[in-house]
Amino acid sequence: MSPPPGNKPLYLIDGRPATTEQFASLNPENIQKIEVLSAKQGTALYSSQALNGAVLITSRPRRKQQAALFKQRQQQPTQQLPNAALTK
């Protein structure tokens, strides 16, 4: 197995390898914990895949995500339907 090109670390989201784009597209509200491992620590745990270090992301459990989304939606103002829509 060859080391990753460039200086990018190994990204792991809930224990699964992820791309830089997947990491960048994460919603910060869905992240429970982020741990950054040095190259030495990363290679000790993940071999040459983590030659440039590793970023471990633990997402929040689904129930907490759904509760947070529900709470967020409750706090948003609701749109009023035009009166014409109500009479049909």
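These numbers were taken from a predicted model, which means no experiment stands behind them.
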Distance in Å, [X] [atom1] paired with [Y] [atom2], rounded so as to fall on 0.5 Å steps:
X   : Y   : atom1 : atom2 : result
T20 : Q22 : OG1   : CD    : 9.0 Å
L10 : T43 : CG    : OG1   : 11.0 Å
I34 : L26 : CD1   : CG    : 8.0 Å
L37 : N52 : CG    : CG    : 13.0 Å
N30 : T58 : CG    : OG1   : 13.0 Å

Listed once per pair and sorted, the ring pair (Phe, Tyr, Trp, His ring centres under 6.0 Å) pairs that draw on residues 10-43, sequence neighbours left out: Y11-F23
Linked, directly or transitively: I57 and L12 (ILVMFWY side chains, under 4.5 Å): no
